[in-house]
Amino acid sequence: MLTLQCLREERDRVLDALAKRHIDATATVDQVLDLDAKRRATQTELDQVLAESNSLSRQIGGLMREGKKAEAEEVKAKTAGLKAKTGELKDAMDAAEQELQVLLVSLPNTPCGLVAAGKTPDDNEEVFRSAEPQAAGGAAKPHWDLAKEHDLIDFDLGAKVTGAGFPFYKGQGAKLQRGLIRFFLEKADDAGYTEFIPPHMVNADSGYGTGQLPDKEGQMYHMQEDNLYMIPTAEVPLTNIYRDVVLQAADLPQKICGYTPCFRREAGSYGKDVRGLNRLHQFDKVEIVQVTHPEESYATLDTMVDHVKGLLEGLELPYRILRLCGGDMGFTSAMTYDFEVWSAAQERWLEVSSVSNFETFQANRLKCRFKDEDGKNKFVHTLNGSALALPRIVAALLENHQDDQGIVIPKALVPFVGFDRIGG
RNA sequence: GGAGAGGUGGCCGAGCGGCUUAAGGCGCACGCCUGGAAAGCGUGUUGGGGGCAACCCCUCCAGGGUUCGAAUCCCUGUCUCUCCGCCA
């Protein structure tokens with residue numbers, strides 16, 4: 001959520017930035033500023049009435065103590081009408097505040113200066129590309145065939161037991177999952193991230209804190225009975241650790257990570273690129289999260305990008321990095337880098353990681369602050385990144401590292417999975 | 001699921017409907033004292049909002065209610081703890 005202060009002081013900059021998302025927020029922002037002014041005027045008036053009411057009550061208290069009952073009754077008469085008035089003003093305040101909140105929550109984050117104004121994924125800027133993918137020349141088998149051939153993943157069984165998009169991993173396929181998770185967690189540990197195993201369900205406050213609610217309500221599985229949400233990413237429980245927290249400047253940066261399964265309804269995307277591991281309702285992911293000083297966050301974003309690069313290089317996969325354009329960026333992000341790996345059989349790029357700086361957008365909702373040099377509480381910046389999401393990595397590993405007999409496991413991964421090839 | 005107890009500042013811990021605009025202690029910060037320190041003394045120490053400012057308002061788990069006045073009384077919710085039941 002954008003801060004009121006920012007809208008008040010930098011209205012034009014905010015509007016320009018939001019224009020990169022192809023949103024004309026002029027009407028909304030001006031309405032916010034109008035409501036804000038109204039709210040403040042009402043508050044001033046309310047404060048005056050409350051001050052008078054408090055003062056009279058104190059007088060009555062004093063008189064009662066001295067036993068001057070008649071005089072107390074006289075003062076009491078003066079309080080008539082004050083209550084109705086405070087009630088009215090409070091209602092006006094609440095109404096203005098609620099309206100304000102609805103509008104504020106509807107505004108996405110402002111893209112940072114480097115972000116281009118494009119509209120579609122085609123307008124994303126490629127900022128890095130690894131060694132060229134090998135031209136398979138149509139010989140490469142798709143991962144769903146390889147998975148079946150080597151009995152690694154059973155999609156039909158998942159469909160029977162749960163539904164489409166919930167596969168079973170078997171034998172070496174299961175070991176590969178477990179090995180990849182360990183590989184990613186060890187690398188995060190080496191980079192100084194503290195590991196957490198968070199809950200896989202969260203309450204509505206947490207969903208709101210990281211921005212899934214109310215914007216993406218329909219994308220999460222909801223347990224109606226207990227009003228809990230299955231996490232769509234570890235970002236939600238991990239970042240919400242910092243909800244309602246005031247940190248010391250010396251505590252920054254906070255670096256944490258965690259492995260969780262992720263649950264996504266993917267409503268509205270049926271039939272689109274859903275073959276094999278391309279799009280699942282449940283998948284595994286290791287997430288890295290940092291909470292930083294506002295001046296450090298973009299340098300931190302670069303180190304997180306480097307971390308993910310290191311992982312993909314360890315897996316010897318061809319990949320590229322995109323800086324998302326305004327039109328393709330998530331609601332809460334100020335800048336996002338997407339990582340895509342090459343699918344040798346599908347002959348297209350698959351997104352495997354998204355690394356974002358949210359600046360104060362989440363911190364404002366989370367009320368996560370730190371005490372700055374002057375002892376004042378200021379909002380931190382939050383960042384996160386997938387490091388990494390498993391299914392498409394598995395797809396790319398199978399497709400890119402296949403040979404005549406089976407699949408070669410990249411050297412760096414061998415100690416974690418416990419074998420150096422599948423098949424053959 | 002049943003029964004009971006309880007949520008007060010950074011922490012501990014008092015709190016009779018009005019001298020509580022939250023006692024006292026610990027911790028922390030600053031100052032005095034000291035050759036330096038400890039002790040001692042003094043001052044400050046939740047967060048949010050309004051006002052150019054003096055200052056004012058809100059904040060004792062959350063939301064309602066009673067009252068001129070609520071940390072205190074009533075209702076609802078929530079979380080924690082103890083016991084019983086069930087259970088990996």
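Naming convention: chains lettered A, B, ... in sequence-line order (proteins, then strands); numbering from 1 in each chain.
- Between A:D372 atom CG and B:G47 atom P there is a gap of 12 Å when expressed in whole angstrom units.
- Atom NZ in A:K376 sits roughly 17 Å away from atom C1' in B:U46 (whole-Å rounding).
- Side-chain polar atoms of A:Q290 and A:N384 form no donor-acceptor pair below 3.5 angstrom.
- A gap of 15 Å separates the P atoms of B:U46 and B:C60, to the nearest Å.
- Base-pair partner of B:A37: not found among the strands shown (Watson-Crick or G-U wobble, both distances under 3.5 Å).
- In this entry the distance linking CD1 of A:I60 with P of B:A70 reads 11 Å, nearest Å.
- Straight-line distance from the OH atom of A:Y208 to the P atom of B:A62: 18 Å, rounded to whole Å.
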Write out a two-atom table: protein N or O, nucleotide N or O from nucleotides 52-57 of chain B, distance below 3.5 Å.
residue	atom	partner	partner atom	Å
B:C57	OP1	A:N54	ND2	3.4
B:C57	O2'	A:D47	OD1	3.0

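- Considering A:R264, A:E266, A:M230 as possible partners of A:H281, the one that fulfils the side-chain contact (heavy atoms from CB on, under 4.5 Å) test is A:E266.
- Spacing of P atoms, B:G36 relative to B:A14, comes out at 42 Å, to the nearest Å.
- Nearest-nucleotide mapping onto RNA chain B: of A:S53 and A:G62, the residue sitting toward the 5' end is A:G62.
- A 3.5 Å limit on both hydrogen-bonding distances identifies B:U80 as the Watson-Crick or G-U partner of B:A5.
- A 3.5 Å limit on both hydrogen-bonding distances identifies no Watson-Crick or G-U partner for B:C52.
- Classification of A:K76 and A:E73 as a salt-bridged pair holds, one side-chain N sitting under 4.0 Å from a carboxylate O.
- For the 3.5 Å distance criterion, the side chains of A:T300 and A:T303 fail to qualify, holding no donor opposite an acceptor.
- Taking the P atoms as reference points, B:A70 lies 13 Å from B:C57, given to the whole Å.
- With both ends at atom P, the span from B:A62 to B:C79 equals 15 Å, rounded to whole Å.
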Could you please spell out the steps behind the ring pair (Phe, Tyr, Trp, His ring centres under 6.0 Å) verdict for A:H200 and A:F263?
-> CA-CA 9 Å; A:H200 297 170; A:F263 303 90; 7.0 Å; no
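- Between B:G25 and B:G77, the two P atoms lie 40 Å apart (nearest whole Å).
- Sorted by first then second residue, the side chain to side chain donor-acceptor pair (under 3.5 Å) pairs that include residues 42-58 of chain A, not counting sequence neighbours, number zero.
- With hydrogens and angles left out, the side-chain atoms of A:Q212 and A:Y229 include no donor and acceptor closer than 3.5 Å.
- Among the nucleotides B:G50, B:U67, B:G18, the one closest to any side-chain atom of A:M64 is B:G18.
- Contact check, A:R39 against B:G50: a side-chain N or O comes under 4.0 Å of OP1 or OP2.
- With both ends at atom P, the span from B:G7 to B:C74 equals 14 Å, rounded to whole Å.
- At the heavy-atom level, A:K78 lies nowhere under 4.0 Å from the strands shown.
- As rounded to whole Å, 10 Å separates atom C1' of B:U46 from atom CZ of A:R369.
- Mapping A:S57 and A:K371 onto RNA chain B by nearest heavy atom places A:S57 closer to the 5' end of the strand.
- In a base pair of the Watson-Crick type (N1 to N3 plus N6-O4 or O6-N4) or a G-U wobble (N1-O2 and O6-N3), with each distance short of 3.5 Å, B:U20 is matched with no nucleotide.
- A:E399 and A:H143 share a side-chain donor-acceptor pair at under 3.5 Å.
- Residues A:E316 and A:K411 are not paired through a salt bridge, judged by the lack of any N-O separation under 4.0 Å between the basic side chain and the carboxylate.
- Distance, A:D205 CG to B:G77 C1': 13 Å, rounded to whole Å.
- Nucleotide B:U43 has B:A29 as its partner under the Watson-Crick or G-U criteria, with both atom distances under 3.5 Å.
- Residue A:Q101 contributes atom CD, which lies 13 Å from atom P of B:G49 at whole-angstrom precision.
- Distance CD (A:E97) to P (B:G50): 10 Å, rounded to an integer number of Å.
- Between B:G9 and B:A5, the distance separating the two P atoms is 22 Å to the nearest Å.
- Taking atom C1' in both B:A54 and B:U67, one finds a spacing of 33 Å when rounded to whole Å.
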